[in-house]
K.L.:
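I'd like to ask some things about the structure below.
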Amino acid sequence: MKVAHAAGELEPRPRAVAPGTFDGVHLGHRRVLEAAIASRGELVPTVVTFWPHPRIVLGNDVGLLTTLERRLELLAETGVEETLVVEFTSELADMAPEAFAAEMLAPIGTRLVVAGADFRFGRGRSGDLGVLERLGLEVQRIELLEGVSSTAIRELLREGQIEAAARLLGRPPEVEGTVVSGDARGGTLGYPTANLRLEPHQLVPAFGIYAGWAAGHRAAVSIGTNPHYGGHERRVEVFLLDFDGDLYGRRLVVQLWRRLRDERAFADEAELVAQIGRDVEEARGSEPPV
């Protein structure tokens with residue numbers, strides 16, 4: 001998939017454009033994308049997306065389901081041919097809908113706009129698909145999937161409801177980060193973990209111990225403050241089963257398959273190690289939720 005960061009980087013071609021933030025690329029998003037992709041042959045399936053997230057730029061706190069890098073990977077997997085990443089700024093937020101269409105959609109050759117029936121854009125969210133029709137564009141309104149939204153998925157993950165979130169995403173939820181040095185305490189216990197540095201604004205699910213998958217291996221994942229050692233800083237630590245290698249500096253996308261238990265302190269280190277062993281065996285026997 002070709003990725004552009006300015007409209008001028010895309011050749012003007014007849015396009016079916018799906019505009020939106022697409023945080024999480026969930027089942028509702030995929031319904032929109034599939035409609036755009038269905039026009040392949042006559043029109044180029046294209047996404048126009050925004051980064052940073054518009055609500056963050058406007059001063060709201062949003063836990064992101066995906067980084068931009070991961071969002072682009074997921075979009076590419078759907079079959080979208082080209083994506084324009086538009087830098088979202090306060091100036092863009094204040095742009096009249098007609099100006100947005102003239103500056104972002106017209107130059108790349110947009111013929112058809114495919115979006116959810118509730119799609120809004122432009123100053124004060126005053127633009128809708130009707131505005132685009134009046135500007136001479138063909139539009140295709142996609143009915144929403146009831147109960148499926150990025151907001152709903154965020155709430156489920158904050159509650160630790162991994163399987164329910166996976167059903168709305170159509171795939172396991174993920175956390176993503178770069179492996180950095182930690183306390184190296186896991187190695188002394190026999191379970192060396194990869195400590196993840198996450199990007200700002202990334203959503204972190206409810207604290208606890210999870211079964212999951214990363215780098216081709218089943219994983220036991222700890223999200224929380226490590227209360228047994230009196231920790232206060234939030235950590236995301238990943239133990240890869242049957243893995244022997246160096247992960248420092250590597251980007252790691254971690255699927256979460258199932259929440260195993262709450263994090264807690266133990267009577268002594270031997271009890272902690274025994275519980276970690278049970279967590280690892282549960283992770284070994286776990287399967288993806290969808």
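Any value given below was found using the heavy atoms of this structure, including those in side chains, with hydrogens, waters and symmetry copies removed. Please read all numbers here as calculations on a predicted model, not as lab measurements.
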K.L.:
Knowing that exactly one of V47, I108, L84 qualifies, which makes a side chain to side chain contact (heavy atoms under 4.5 Å, CB included) with V17?
P.N.:
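Among V47, I108, L84, the one that satisfies the side chain to side chain contact (heavy atoms under 4.5 Å, CB included) with V17 is I108.
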K.L.:
In terms of hydrophobic clustering (I, L, V, M, F, W, Y; side-chain heavy atoms under 4.5 Å; direct or indirect links), are V3 and L75 co-clustered?
P.N.:
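In one cluster with V3: L75, yes.
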K.L.:
Decide yes or no for L189 and E269: does some side-chain heavy atom of the first lie under 4.5 Å from some side-chain heavy atom of the second?
P.N.:
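A side-chain contact exists here, since the closest heavy-atom pair is under 4.5 Å.
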K.L.:
Walk me through it: do R167 and L27 pass the test side-chain contact (heavy atoms from CB on, under 4.5 Å)?
P.N.:
CA-CA 9 Å; R167 286 193 290 272; L27 289 179; over 6 Å; no
K.L.:
State whether R258 and E163 are salt-bridged, where the test is any N-O pair (Lys NZ or Arg NE/NH1/NH2 against Asp/Glu carboxylate O) under 4.0 Å.
P.N.:
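Judged by the 4.0 Å cut-off on N to carboxylate O distance, R258 and E163 do not form a salt bridge.
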K.L.:
With rounding to the nearest 0.5 angstrom, report the CD to OG1 distance, E176 to T66.
P.N.:
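If we round to the nearest 0.5 Å, E176:CD and T66:OG1 are 8.5 Å apart.
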K.L.:
Thinking salt bridges, do D61 and R55 make one under a 4.0 Å N-O criterion?
P.N.:
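No salt bridge links D61 with R55.
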K.L.:
Can you name the closest pair of heavy atoms from R158 and A206 and give their distance?
P.N.:
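Smallest heavy-atom distance, with atoms named: O-CB, 3.3 Å.
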K.L.:
Which atom names give the shortest non-hydrogen contact between L144 and A117, and what distance separates them?
P.N.:
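Nearest heavy atoms, L144 then A117: CD2-N, 4.2 Å.
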K.L.:
Inspect the contact between R70 and E73 and indicate whether a charged nitrogen and a carboxylate oxygen are less than 4.0 angstrom apart.
P.N.:
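A salt bridge is present here (some side-chain N lies under 4.0 Å from a carboxylate O).
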K.L.:
Answer yes or no: is there a side-chain heavy-atom contact under 4.5 Å between N195 and V236?
P.N.:
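No. Closest side-chain heavy atoms not under 4.5 Å.
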K.L.:
Distance-only, no hydrogens or angles: does the H26 side chain make a donor-acceptor pair with backbone N or O of L168 under 3.5 Å?
P.N.:
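No, H26 side chain to L168 backbone: no donor-acceptor pair under 3.5 Å.
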K.L.:
With a 4.5 Å heavy-atom cut-off, do I153 and L203 have their side chains touching?
P.N.:
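Not in contact.
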K.L.:
What verdict does the side-chain contact (heavy atoms from CB on, under 4.5 Å) test give for V180 and Y248, after you've listed the backbone C-alpha separation in whole Å, the side-chain angles of each residue and the deciding distance to 0.1 Å?
P.N.:
CA-CA 6 Å; V180 296; Y248 287 111; 5.8 Å; no
K.L.:
Run through F88, F50, F100 and flag the one making a ring pair (Phe, Tyr, Trp, His ring centres under 6.0 Å) with F121.
P.N.:
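Testing each of F88, F50, F100 against F121, the sole residue satisfying ring pair (Phe, Tyr, Trp, His ring centres under 6.0 Å) is F100.
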K.L.:
Once you round to the nearest 0.5 Å, how far does CG of L43 lie from CZ of R13?
P.N.:
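If I round to the nearest 0.5 Å, the distance is 10.5 Å.
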K.L.:
For the pair R15 (side chain) and T110 (backbone), establish whether a donor and an acceptor sit closer than 3.5 Å, ignoring hydrogens and angles.
P.N.:
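No, R15 side chain to T110 backbone: no donor-acceptor pair under 3.5 Å.
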K.L.:
Measure the spacing between CD of Q275 and CZ of R264 and express it to the nearest 0.5 Å.
P.N.:
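Going from CD on Q275 over to CZ on R264, the span is 6.0 Å.
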K.L.:
Do you know the tightest heavy-atom contact between P289 and P172?
P.N.:
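Nearest heavy atoms, P289 then P172: CD-CG, 4.0 Å.
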K.L.:
Testing the basics here: between V148 and G28, what is the closest heavy-atom pair and its distance to 0.1 Å?
P.N.:
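Nearest pair, atom of V148 first, then G28: CG1-N, 3.6 Å.
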K.L.:
State the CZ-CZ distance between R141 and F119, to the nearest 0.5 angstrom.
P.N.:
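Atom-to-atom, R141:CZ and F119:CZ are 12.0 Å apart.
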K.L.:
Could you check if a side-chain atom of I223 sits within less than 4.5 angstrom of a side-chain atom of P205, using non-hydrogen atoms only?
P.N.:
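Heavy-atom side-chain distance check passes, below 4.5 Å.
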K.L.:
Regarding T49 and R71, do their side chains bring together a donor and an acceptor under 3.5 Å, going by distance alone?
P.N.:
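There is such a pair between these side chains.
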K.L.:
Just how far is it from atom CZ of R218 to atom OG of S286, taken to the nearest 0.5 Å?
P.N.:
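One gets 7.5 Å once the value is rounded to the nearest 0.5 Å.
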K.L.:
Would you say V114 ends up clustered with I37 if hydrophobic residues are merged whenever their side chains have heavy atoms under 4.5 Å apart, either directly or through other cluster members?
P.N.:
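No, I37 and V114 fall in different hydrophobic clusters.
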K.L.:
Side chains of R154 and D23: does their closest heavy-atom pair fall under 4.5 Å?
P.N.:
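They are in contact (side-chain heavy atoms under 4.5 Å apart), so the answer is yes.
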K.L.:
Keeping E233 on the side-chain end and T225 on the backbone end, is there a donor-acceptor pair under 3.5 Å?
P.N.:
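No.
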K.L.:
Under 6.0 Å from the CG atom of N60, do we count more than 12 heavy atoms belonging to anything else shown?
P.N.:
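Counting neighbours around CG of N60, more than 12 heavy atoms of other residues, nucleotides or ligands fall under 6.0 Å, so yes.
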K.L.:
Tell me, with the steps shown, if E9 and K2 meet salt bridge (Lys or Arg N to Asp or Glu O under 4.0 Å).
P.N.:
CA-CA 10 Å; E9 296 174 12; K2 179 177 180 178; over 6 Å; no
K.L.:
Do L256 and L252 land in one hydrophobic cluster if side-chain heavy atoms of ILVMFWY residues count as linked below 4.5 Å?
P.N.:
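Linked within one cluster.
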K.L.:
Nearest 0.5 angstrom please: E81 CD to R40 CZ, how far?
P.N.:
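CZ of R40 is found 4.5 Å from CD of E81.
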K.L.:
With a 4.5 Å heavy-atom cut-off, do F22 and L33 have their side chains touching?
P.N.:
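The answer is yes, as the side chains (C-beta and beyond) meet within the 4.5 Å cut-off.
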K.L.:
With a 4.5 Å cut-off on side-chain heavy atoms, are L157 and L65 touching?
P.N.:
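Yes, close enough: below the 4.5 Å cut-off.
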K.L.:
Does atom CZ (R31) have a neighbourhood of more than 12 heavy atoms from anything else shown, all under 6.0 Å?
P.N.:
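Check passes, neighbour count above 12.
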K.L.:
May I ask whether L137 and V131 are part of the same hydrophobic cluster, defined by side-chain heavy atoms of I, L, V, M, F, W, Y residues being less than 4.5 angstrom apart, directly or through others?
P.N.:
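Yes, it is one cluster - the side chains of L137 and V131 are joined through contacts under 4.5 Å.
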K.L.:
Stepwise, does the side-chain contact (heavy atoms from CB on, under 4.5 Å) test hold for N226 with E263?
P.N.:
CA-CA 7 Å; N226 203 342; E263 59 168 2; 5.5 Å; no
K.L.:
For the backbone of D128 and the side chain of R120, can you confirm whether one donor and one acceptor N or O come within less than 3.5 Å of each other?
P.N.:
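Flag not set: sc R120 to bb D128 has no pair under 3.5 Å.
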K.L.:
Closest heavy-atom contact between F239 and T193?
P.N.:
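Shortest heavy-atom separation between F239 and T193 comes out as CB-CG2, 4.0 Å.
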K.L.:
Among the clusters formed by ILVMFWY side chains lying less than 4.5 Å apart, do L10 and L68 turn up in the same one?
P.N.:
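No, separate clusters.
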K.L.:
Which atom pair, heavy atoms only, marks the closest approach of A166 to V290?
P.N.:
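Minimum heavy-atom separation between A166 and V290: O-CG1, 3.7 Å.
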K.L.:
Check the side chains of T178 and R251 for a donor-acceptor pair under 3.5 angstrom, ignoring hydrogens and angles.
P.N.:
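No donor-acceptor contact under 3.5 Å links the two side chains.
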K.L.:
Decide side-chain contact (heavy atoms from CB on, under 4.5 Å) for I209 and V221; before the verdict, give the C-alpha distance in whole Å, the side-chain angles of both, and the deciding distance to 0.1 Å.
P.N.:
CA-CA 6 Å; I209 309 303; V221 185; over 6 Å; no
K.L.:
With a 4.5 Å cut-off on side-chain heavy atoms, are L196 and E237 touching?
P.N.:
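Heavy-atom side-chain distance check fails, nothing below 4.5 Å.
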